[in-house]
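FYI, the numbering just counts along the sequence from 1.
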Amino acid sequence: MASAILCDDGRTYLGVNVENSSYGLTICAERSAIASMITNGCKKPLVVAVIADTENPIPPCGACRQVIAEFNPEATIVMYSVKSGELIVKNLSDLLPNPFHLRAIK
(Lines give C-alpha, C1' and ligand atoms only; values in the text may rest on other atoms or scores of the structure.)
Protein backbone atom coordinates (compact mmCIF):
# COMPACT_ATOMS: atom_id res chain seq x y z
CA MET A 1 0.00 0.00 0.00
CA ALA A 2 1.13 3.56 -0.67
CA SER A 3 0.01 7.03 0.26
CA ALA A 4 0.49 10.52 -1.12
CA ILE A 5 -0.35 13.73 0.70
CA LEU A 6 -1.05 17.06 -0.96
CA CYS A 7 -0.12 19.69 1.59
CA ASP A 8 -1.18 23.30 1.89
CA ASP A 9 2.32 24.30 0.76
CA GLY A 10 1.50 22.80 -2.67
CA ARG A 11 3.99 19.97 -2.35
CA THR A 12 3.26 16.24 -2.35
CA TYR A 13 4.68 13.85 0.22
CA LEU A 14 4.86 10.07 -0.25
CA GLY A 15 4.74 7.12 2.12
CA VAL A 16 4.55 3.32 2.02
CA ASN A 17 3.68 0.57 4.46
CA VAL A 18 6.72 -0.63 6.36
CA GLU A 19 5.88 -4.10 7.65
CA ASN A 20 7.56 -5.67 10.66
CA SER A 21 7.29 -9.18 12.12
CA SER A 22 6.47 -7.46 15.42
CA TYR A 23 3.13 -6.07 14.22
CA GLY A 24 3.11 -3.14 16.63
CA LEU A 25 6.23 -1.78 14.92
CA THR A 26 4.61 -1.70 11.48
CA ILE A 27 3.95 1.77 10.10
CA CYS A 28 1.10 2.48 7.70
CA ALA A 29 1.65 4.33 4.43
CA GLU A 30 -0.44 7.27 5.61
CA ARG A 31 1.63 7.79 8.76
CA SER A 32 4.81 7.33 6.74
CA ALA A 33 3.67 10.14 4.41
CA ILE A 34 2.70 12.30 7.42
CA ALA A 35 6.22 11.81 8.81
CA SER A 36 7.68 12.95 5.48
CA MET A 37 5.34 15.93 5.45
CA ILE A 38 6.38 17.00 8.95
CA THR A 39 10.07 16.38 8.22
CA ASN A 40 9.78 18.82 5.33
CA GLY A 41 8.05 21.53 7.36
CA CYS A 42 4.43 21.18 6.26
CA LYS A 43 1.77 20.93 8.95
CA LYS A 44 -1.56 20.84 7.09
CA PRO A 45 -2.49 17.98 4.74
CA LEU A 46 -5.28 18.93 2.36
CA VAL A 47 -5.68 15.59 0.55
CA VAL A 48 -4.51 12.14 1.66
CA ALA A 49 -4.53 9.47 -1.05
CA VAL A 50 -4.46 5.78 -0.17
CA ILE A 51 -3.53 3.47 -3.05
CA ALA A 52 -3.83 -0.30 -2.64
CA ASP A 53 -3.34 -3.30 -4.91
CA THR A 54 -6.59 -4.83 -3.66
CA GLU A 55 -10.02 -5.60 -5.10
CA ASN A 56 -11.59 -2.67 -3.25
CA PRO A 57 -10.30 0.72 -2.09
CA ILE A 58 -9.05 0.69 1.50
CA PRO A 59 -9.68 3.56 3.94
CA PRO A 60 -7.06 4.65 6.46
CA CYS A 61 -7.04 2.61 9.67
CA GLY A 62 -8.30 4.21 12.88
CA ALA A 63 -4.81 5.18 14.05
CA CYS A 64 -4.08 6.90 10.73
CA ARG A 65 -7.43 8.68 10.81
CA GLN A 66 -6.60 10.08 14.24
CA VAL A 67 -3.11 11.17 13.17
CA ILE A 68 -4.49 12.92 10.08
CA ALA A 69 -7.19 14.59 12.20
CA GLU A 70 -4.50 16.05 14.48
CA PHE A 71 -3.24 18.06 11.50
CA ASN A 72 -6.48 18.68 9.57
CA PRO A 73 -9.82 17.17 10.65
CA GLU A 74 -11.35 18.35 7.35
CA ALA A 75 -8.78 16.67 5.07
CA THR A 76 -10.08 14.96 1.94
CA ILE A 77 -9.37 11.22 1.78
CA VAL A 78 -8.98 9.63 -1.65
CA MET A 79 -9.01 5.82 -1.76
CA TYR A 80 -8.05 3.97 -4.95
CA SER A 81 -7.96 0.28 -5.88
CA VAL A 82 -5.31 -0.54 -8.49
CA LYS A 83 -7.01 -3.85 -9.34
CA SER A 84 -10.54 -2.58 -9.92
CA GLY A 85 -9.84 1.06 -10.72
CA GLU A 86 -12.50 2.05 -8.17
CA LEU A 87 -12.06 5.48 -6.63
CA ILE A 88 -13.77 6.72 -3.46
CA VAL A 89 -13.47 10.27 -2.12
CA LYS A 90 -14.58 11.13 1.42
CA ASN A 91 -14.04 13.86 3.94
CA LEU A 92 -12.05 12.68 6.96
CA SER A 93 -14.85 13.88 9.24
CA ASP A 94 -17.13 11.30 7.55
CA LEU A 95 -14.65 8.53 8.39
CA LEU A 96 -13.83 9.86 11.87
CA PRO A 97 -16.70 12.04 13.11
CA ASN A 98 -15.40 12.44 16.67
CA PRO A 99 -11.59 12.41 16.76
CA PHE A 100 -9.90 12.28 20.13
CA HIS A 101 -9.04 15.71 21.55
CA LEU A 102 -7.68 16.72 24.91
CA ARG A 103 -10.64 19.07 25.22
CA ALA A 104 -14.13 17.73 25.93
CA ILE A 105 -16.54 17.10 23.05
CA LYS A 106 -19.51 19.48 23.15
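Remark: the backbone N or O of Glu19 is not paired with any side-chain donor or acceptor of Asn17 at under 3.5 angstrom.
Applying the side chain to side chain donor-acceptor pair (under 3.5 Å) criterion to Tyr80, with sequence neighbours excluded, gives no partner residue. Here Ser21 pairs with nothing under the side chain to side chain contact (heavy atoms under 4.5 Å, CB included) rule; sequence neighbours left out. Every residue two or more places apart in sequence or in another chain that forms a side chain to side chain contact (heavy atoms under 4.5 Å, CB included) with Pro57 is listed here: Met79, Ser81, Glu86, Ile88. Remark: Cys64 pairs with no residue by the disulfide bond (SG atoms under 2.5 Å apart) rule, at least two apart or across chains. Every residue two or more places apart in sequence or in another chain that forms a side chain to side chain donor-acceptor pair (under 3.5 Å) with Ser93 is listed here: Asn91. In this structure, Cys28 has no disulfide bond (SG atoms under 2.5 Å apart) partners at least two apart in sequence or on a different chain. A search for salt bridge (Lys or Arg N to Asp or Glu O under 4.0 Å) contacts involving Asp8 returns nothing, not counting sequence neighbours. Taking the side chain to side chain contact (heavy atoms under 4.5 Å, CB included) definition, one finds that Ala2 meets it with Val16, sequence neighbours left out.
Each of Leu87 and Met1 belongs to its own hydrophobic cluster when Ile, Leu, Val, Met, Phe, Trp and Tyr are linked at side-chain heavy-atom distances under 4.5 angstrom. Linking ILVMFWY residues whenever their side-chain heavy atoms come closer than 4.5 Å, directly or via other members, leaves Leu92 and Leu6 in distinct clusters. Put simply, Ile5 and Val89 are part of two different groups of oily side chains (I, L, V, M, F, W, Y) that touch within less than 4.5 Å, one to the next.
Thr26 approaches Asn20 most closely through the heavy-atom pair OG1-N, 3.1 Å.
Using a 4.5 Å heavy-atom cutoff, the side chains of Leu95 and Pro60 are in contact.
Between atom CD of residue Glu74 and atom CG of residue Asp94 there is a gap of 8.5 Å, rounded to the nearest 0.5 Å. Going from atom CD1 of Ile68 over to atom CD of Glu30 covers 6.0 Å, rounded to the nearest 0.5 Å.
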Show every donor-acceptor pair shorter than 3.5 Å between a side-chain atom in residues 32-50 and any protein atom, with sequence neighbours excluded, or say none if there are none.
{"residue": "Thr39", "atom": "OG1", "partner": "Ala35", "partner atom": "O", "Å": "2.7"}
{"residue": "Asn40", "atom": "ND2", "partner": "Ser36", "partner atom": "O", "Å": "2.8"}

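Identified under the side-chain hydrogen bond (donor to acceptor under 3.5 Å, both in side chains) test for residues 56-67, with sequence neighbours left out: Gln66-Glu70.
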